[in-house]
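All remarks here apply to the structure that follows.
What's counted below: heavy atoms across the whole structure, side chains too, no hydrogens, waters or symmetry copies. The sequence lines fix the lettering, A, B, ..., with proteins before strands; numbering per chain opens at 1.
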There are 2 protein chains.
Amino acid sequence: MSEKIINLSVDCAIFGYENGKLKSLLIKRDKEPCSNQWSLPGSYAYFDETIDNAARRVLFELTGIENIYLTQVKVFGEVNRYPSHRVVSILYCALIKSDLFELIAGSHAKEVNWYDVNEVSELPFDHNQMINTALQWLKEEIWRKPISINLLPDKFPLNQLQDLFEAILQEEIDNRNFRKKVINMGLVEKLNEKTKGGQQRPAFLYRLKKSI
Amino acid sequence: MSEKIINLSVDCAIFGYENGKLKSLLIKRDKEPCSNQWSLPGSYAYFDETIDNAARRVLFELTGIENIYLTQVKVFGEVNRYPSHRVVSILYCALIKSDLFELIAGSHAKEVNWYDVNEVSELPFDHNQMINTALQWLKEEIWRKPISINLLPDKFPLNQLQDLFEAILQEEIDNRNFRKKVINMGLVEKLNEKTKGGQQRPAFLYRLKKSI
DNA sequence: GCAAAAGTGTTAGGAGTACACCCATGT
DNA sequence: ACATGGGTGTACTCCTAACACTTTTGC
């Protein structure tokens, strides 16, 4: 096992979507500083791994989540952001289908859990700021790339996608305009299937196109 | 003087504009590795400064340029990007009016100079990749914020602004559409002055509005 | 009067926004 | 039949893109 770069860490802001709510993944810390408090999963990078790999590894070790696409968003480099010594941290973000991953607290995580982004309490270090930055990034990215693919099942009714967009953008969207837009920007394609078993009129299913 | 974080550096991609060409600021290195080669100005961050301040300080020490607005763009964290040991580097970018700053090679810079971005040779480390990333950032940013303010005199004829945009975007722009756009998006305001002393018809001067 | 750069207007297509009602199903 | 969520169309505005000629000055 390689050695840590003790002045350089990665933190991961992972978003999931459940019951119409956008969730953020937090761990309960099992070591100092701020032991027993909830925070973003994060830790030091090693000397023999790229920072992208560090983010992947750290996320896996702490939460059991692997094989997801992480994006580097911003570096947090205030002098006293970390109490014990100087640590510059690189924020990585991802969106995942929360029910596809089993959460396994490992390494210095005592617990792992999803928290509604609107109900995240005060976190240690600059982690609240990180979540805000990550949310901002998400709002900008959501229209550009089919990242929402990671938050919904393969096939879904359009209104579910709209709910997701509303949860992320935190604003209401006109249903007709939303449909027109996602269809003719080529974000989704209509399938020849419908939902069944609902209490109401069945809805056509759609699929996100992987490339735009 | 504080100590260096030897695994963390900042590199600065500084753009200027002269004779209708977009230029990139390079230093001739005066220490190993890659001594005597031209590279982006960059060096280690110190323990007692934020990374933003590290970028400002490093730029000043190496080139004499100070008091400019630097933006953090991306982290480069490949394992072997730096030959002697592991260094993760944060790329900062800025645009400046090149003739307002006197270049003073200092610290481990033997010389400092402007190079046409289209004629930058092969640089050490991942610095060519950094310049490309910085240029990409510039292309996206140029329409959003009045960053071009830093590349032109206070008052300028509109066609000069267009030349600048064309130099950055590397494509031709329709003159009428360009004028309409920058005026009614509120990027510039027309002044009641004209150029004089040219060989041709005098042009109205414009000024960039600071806020959009 | 000529060379050189400044300046100008119209049209057509696409994207965004606002807005209100009928439809298909389960119970 | 009614409650529930699914689904649709139009009109207006604004931005973009394409396109060519006239104007003002210095020489």
Side-chain angles (χ1 to χ4, degrees), chain A residues 17 19-21 139-146 148 152-153 155-209 212, chain B residues 17 19-21 139-140 142-146 152-153 155-209 212:
Chain A
Y17 184 66
N19 304 323
K21 304 263 190 185
K139 286 183 191 180
E140 287 163 16
E141 213 62 9
I142 190 77
W143 285 113
R144 285 190 233 171
K145 296 182 194 163
S148 25
L152 290 177
K155 303 169 183 180
F156 51 84
L158 263 198
N159 289 347
Q160 256 183 50
L161 186 64
Q162 184 178 339
D163 289 344
L164 167 62
F165 271 64
E166 289 178 342
I168 289 174
L169 298 173
Q170 314 226 50
E171 64 182 34
E172 295 205 341
I173 304 174
D174 180 86
N175 181 257
R176 284 166 290 191
N177 294 338
F178 181 78
R179 286 166 174 269
K180 261 181 294 178
K181 184 165 179 180
V182 294
I183 289 167
N184 79 15
M185 79 190 274
L187 186 64
V188 296
E189 56 186 344
K190 193 173 186 173
L191 302 175
N192 238 333
E193 285 177 76
K194 293 188 172 194
T195 52
K196 39 191 172 183
Q199 332 286 82
Q200 305 84 14
R201 173 176 177 179
F204 274 100
L205 293 172
Y206 288 75
R207 185 195 294 154
L208 283 159
K209 291 194 194 173
I212 291 205
Chain B
Y17 183 66
N19 305 323
K21 304 265 190 182
K139 287 183 192 179
E140 287 162 17
I142 190 75
W143 285 113
R144 284 191 233 170
K145 296 181 193 159
L152 290 177
K155 304 170 182 178
F156 50 85
L158 264 197
N159 288 348
Q160 254 182 52
L161 186 65
Q162 182 177 341
D163 289 344
L164 167 62
F165 271 63
E166 290 179 342
I168 289 174
L169 299 172
Q170 313 226 49
E171 64 183 33
E172 295 205 343
I173 305 175
D174 179 87
N175 181 257
R176 282 166 291 191
N177 293 338
F178 180 77
R179 285 164 175 269
K180 262 179 293 180
K181 185 165 178 181
V182 294
I183 289 168
N184 79 12
M185 79 190 276
L187 185 64
V188 296
E189 57 186 343
K190 193 172 184 173
L191 302 176
N192 238 333
E193 285 177 76
K194 294 189 172 194
T195 52
K196 39 191 170 181
Q199 332 286 81
Q200 307 84 12
R201 174 177 176 177
F204 273 101
L205 292 172
Y206 287 75
R207 185 194 298 154
L208 282 158
K209 290 194 194 172
I212 290 205

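The CZ atom of B/Phe156 sits 3.5 Å away from the CG atom of B/Leu208 when rounded to the nearest 0.5 Å. Annotation: the span from A/Leu161 atom CG to A/Ile142 atom CD1 amounts to 7.5 Å, rounded to 0.5 Å. Taken to the nearest 0.5 Å, the CD atom of A/Glu189 stands 11.0 Å off from the OH atom of A/Tyr206.
Between B/Pro157 and B/Thr195, the shortest heavy-atom contact is CG-CG2, 4.2 Å. Of all heavy-atom pairs between B/Glu166 and B/Glu171, the closest is CG-O, 3.3 Å. The nearest pair of heavy atoms linking A/Leu191 to A/Arg207 is CD2-NH2, 3.7 Å.
Of the two residues contacting DNA chain C, namely B/Gln160 and A/Lys181, the nearest-nucleotide position lying further toward the 5' end is that of B/Gln160. Both B/Asn159 and A/Asn175 sit near DNA chain C, but only B/Asn159 has its closest nucleotide nearer the 5' end.
Counting to the nearest Å, the C1' atom of D/dT16 and the CG atom of B/Asn184 are 11 Å from each other. Spacing between atom CZ of B/Arg201 and atom P of D/dT25 amounts to 7 Å, rounded to whole angstrom units. Regarding A/Lys196, its NZ atom lies at a distance of 18 Å from the C1' atom of D/dG6, rounded to whole Å. Rounded to whole Å, atom C1' of D/dT16 lies 16 Å from atom CZ of B/Phe165. Between B/Arg179 atom CZ and D/dA20 atom C1' the separation is 15 Å, expressed in whole Å. One can place CG of A/Asp174 at 12 Å from C1' of D/dG9, the figure rounded to the nearest angstrom. Put simply, CD on A/Gln162 is 12 Å from C1' on D/dG5, counting in whole angstrom units. As a whole-Å value, the separation of B/Trp143 CH2 from D/dC15 C1' is 12 Å.
The span of DNA chain C lying next to chain B, judged by atoms under 4.0 Å from heavy atoms, is bounded 5' to 3' by C/dA4 to C/dT10.
Remark: B/Glu172 CD is loosely packed, at most 12 non-hydrogen atoms of other residues, nucleotides or ligands lying under 6.0 Å away. In the displayed structure, A/Lys155 atom NZ is contacted under 6.0 Å by at most 12 heavy atoms of other residues, nucleotides or ligands.
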Please tabulate, one pair per line, each protein N/O and nucleotide N/O from nucleotides 10-14 of chain D that are separated by under 3.5 Å, including the distance.
unit_1	atom_1	unit_2	atom_2	d
D/dT10	O4	A/Lys180	NZ	2.8

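Below the 3.5 angstrom threshold, one finds no donor paired with an acceptor across the side chain of B/Arg176 and the base of D/dA17.
Looking at heavy atoms from C-beta onward, B/Tyr17 lies in side-chain contact with B/Leu152 at the 4.5 angstrom threshold.
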